[in-house]
Amino acid sequence: MELVQLLRTRSGDQGTFGIISAPDFECCAAELPWRDNQNSISCIPTGTYFCEFIHSSTYGPCYWVHNVPGRSEILIHTGNLAGDESKGWKSHSAGCVLLGDRFGVLGGQEAVLLSRKTLRRFVDRVMDRKNFNLEVKEMF
């Protein structure tokens, strides 16, 4: 089974940002800031997780991240923003991992860009809709 890595490089109230690496593929990732693994307001803890290809009624083809301690329904899906809403930032994530082609700014907030295109490429071409293990690490 393939191993995909998420290396977090920085985190703050506007989100947690990093790089997703798979064989012959690399993209940007955005997650919520770390808030002690609280449901819907925090990124997931570091660790290794099994990811299953699913078809979400909300997001379409994406991946479900299994066995996150104390959490459920964590997905890898489309979206650009992952800020702390209690501090006035916008978010397209409730604890999920958002993929993008590059980092940028949307509406004055740090973001990942070209998310739909990037997720489509990751799901269809890179992972070929196969399940994988996701290793989440921090560099900061």
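All heavy atoms count here, side chains included; hydrogens, waters and symmetry mates do not.
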So, is the end of the Arg10 side chain (NZ or CZ) under 6.0 Å from the ring centre of Phe103 and within 45° of the ring's axis?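 Yes, Arg10 lies over the aromatic ring of Phe103.
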Under the side chain to side chain contact (heavy atoms under 4.5 Å, CB included) rule, what do Asn131 and Phe50 come out as? Steps first, then yes or no, please. CA-CA 7 Å; Asn131 301 337; Phe50 173 71; 3.5 Å; yes
Minimal non-hydrogen separation, [X] against [Y], with atom names:
{"X": "Leu32", "Y": "Gly95", "value": "CD1-N, 3.2 Å"}
{"X": "Asn80", "Y": "Ala30", "value": "O-CB, 4.5 Å"}
{"X": "Thr16", "Y": "Pro33", "value": "OG1-CA, 3.4 Å"}
{"X": "Thr118", "Y": "Cys27", "value": "CG2-CB, 3.6 Å"}
{"X": "Leu134", "Y": "Gln5", "value": "CD1-C, 4.3 Å"}
{"X": "Gly83", "Y": "Trp89", "value": "CA-CB, 3.7 Å"}

Determine whether the aromatic ring centres of residues Phe132 and Phe53 are separated by less than 6.0 angstrom.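 Aromatic pair excluded; centres sit 6.0 Å or further apart.
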So [Y] and [X], do their side chains get closer than 4.5 Å, heavy atoms only?
{"X": "Cys62", "Y": "Val123", "result": "no"}
{"X": "Ser42", "Y": "Arg71", "result": "yes"}
{"X": "Cys43", "Y": "Arg8", "result": "yes"}
{"X": "Asp101", "Y": "Arg121", "result": "yes"}
{"X": "Val112", "Y": "Arg102", "result": "no"}
{"X": "Asp84", "Y": "Ile41", "result": "no"}
{"X": "Val65", "Y": "Glu52", "result": "no"}
{"X": "Leu75", "Y": "Tyr63", "result": "no"}

Same cluster or not: Val136 versus Val126, using hydrophobic residues (I, L, V, M, F, W, Y) connected whenever any side-chain heavy atoms lie under 4.5 Å apart?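 Yes, Val136 connects to Val126 through the hydrophobic network.
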Examine Met127 and Leu98 and state if one hydrophobic cluster contains both, with Ile, Leu, Val, Met, Phe, Trp and Tyr joined whenever side-chain heavy atoms are less than 4.5 Å apart.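 Result: no, two separate clusters.
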Do Thr9 side-chain atoms and Met139 backbone N/O form a donor-acceptor pair below 3.5 Å?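 Not confirmed, Thr9 side chain does not pair with Met139 backbone.
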Measure the [atom1]-[atom2] distance between [X] and [Y] for me, rounded to the nearest 0.5 Å.
{"X": "Leu6", "Y": "Glu138", "atom1": "CG", "atom2": "CD", "answer": "9.0 Å"}
{"X": "Leu119", "Y": "Leu114", "atom1": "CG", "atom2": "CG", "answer": "12.5 Å"}
{"X": "Ile74", "Y": "His66", "atom1": "CD1", "atom2": "NE2", "answer": "11.5 Å"}

Might you confirm whether atom [atom1] of [X] has over 12 heavy atoms from other residues, nucleotides or ligands at distances under 6.0 Å?
{"X": "Met1", "atom1": "CE", "result": "yes"}
{"X": "Asp128", "atom1": "CG", "result": "yes"}
{"X": "Glu73", "atom1": "CD", "result": "no"}
{"X": "Arg116", "atom1": "CZ", "result": "no"}

State whether a side-chain donor-acceptor pair under 3.5 Å links Thr78 with Ser115.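 Side chains of Thr78 and Ser115: no pair found under 3.5 Å.
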Do Gln14 and Gln109 get their side chains close enough for a donor-acceptor pair, meaning under 3.5 Å?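 No pair is found: no donor N or O on one side chain lies under 3.5 Å from an acceptor on the other.
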Electrostatic pair Arg35-Asp13, nearest N-O below 4.0 angstrom: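 Here Arg35 pairs with Asp13 in a salt bridge, since their nearest N and O are under 4.0 Å apart.
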Going by the ring-ring contact (aromatic ring centres under 6.0 Å, His included) test, which pairs reach into residues 18-38, not counting sequence neighbours?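 Listed once each, the pairs are Phe25-Phe122.
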ring-ring contact (aromatic ring centres under 6.0 Å, His included) contacts in which one or both residues fall within residues 68-87, not counting sequence neighbours: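 Residue pairs with at least one partner in residues 68-87: Tyr59-His77.
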After noting the C-alpha distance and the side-chain angles of Ser91 and Leu81, does the key distance pass the side chain to side chain contact (heavy atoms under 4.5 Å, CB included) rule? CA-CA 5 Å; Ser91 181; Leu81 304 168; 5.5 Å; no
Test Arg129 against Asp124 for side chain to side chain contact (heavy atoms under 4.5 Å, CB included), laying out the working first. CA-CA 6 Å; Arg129 299 181 181 230; Asp124 291 336; 2.9 Å; yes
Show your reasoning for whether side chain to side chain contact (heavy atoms under 4.5 Å, CB included) applies to Cys51 and Val4. CA-CA 10 Å; Cys51 295; Val4 174; over 6 Å; no
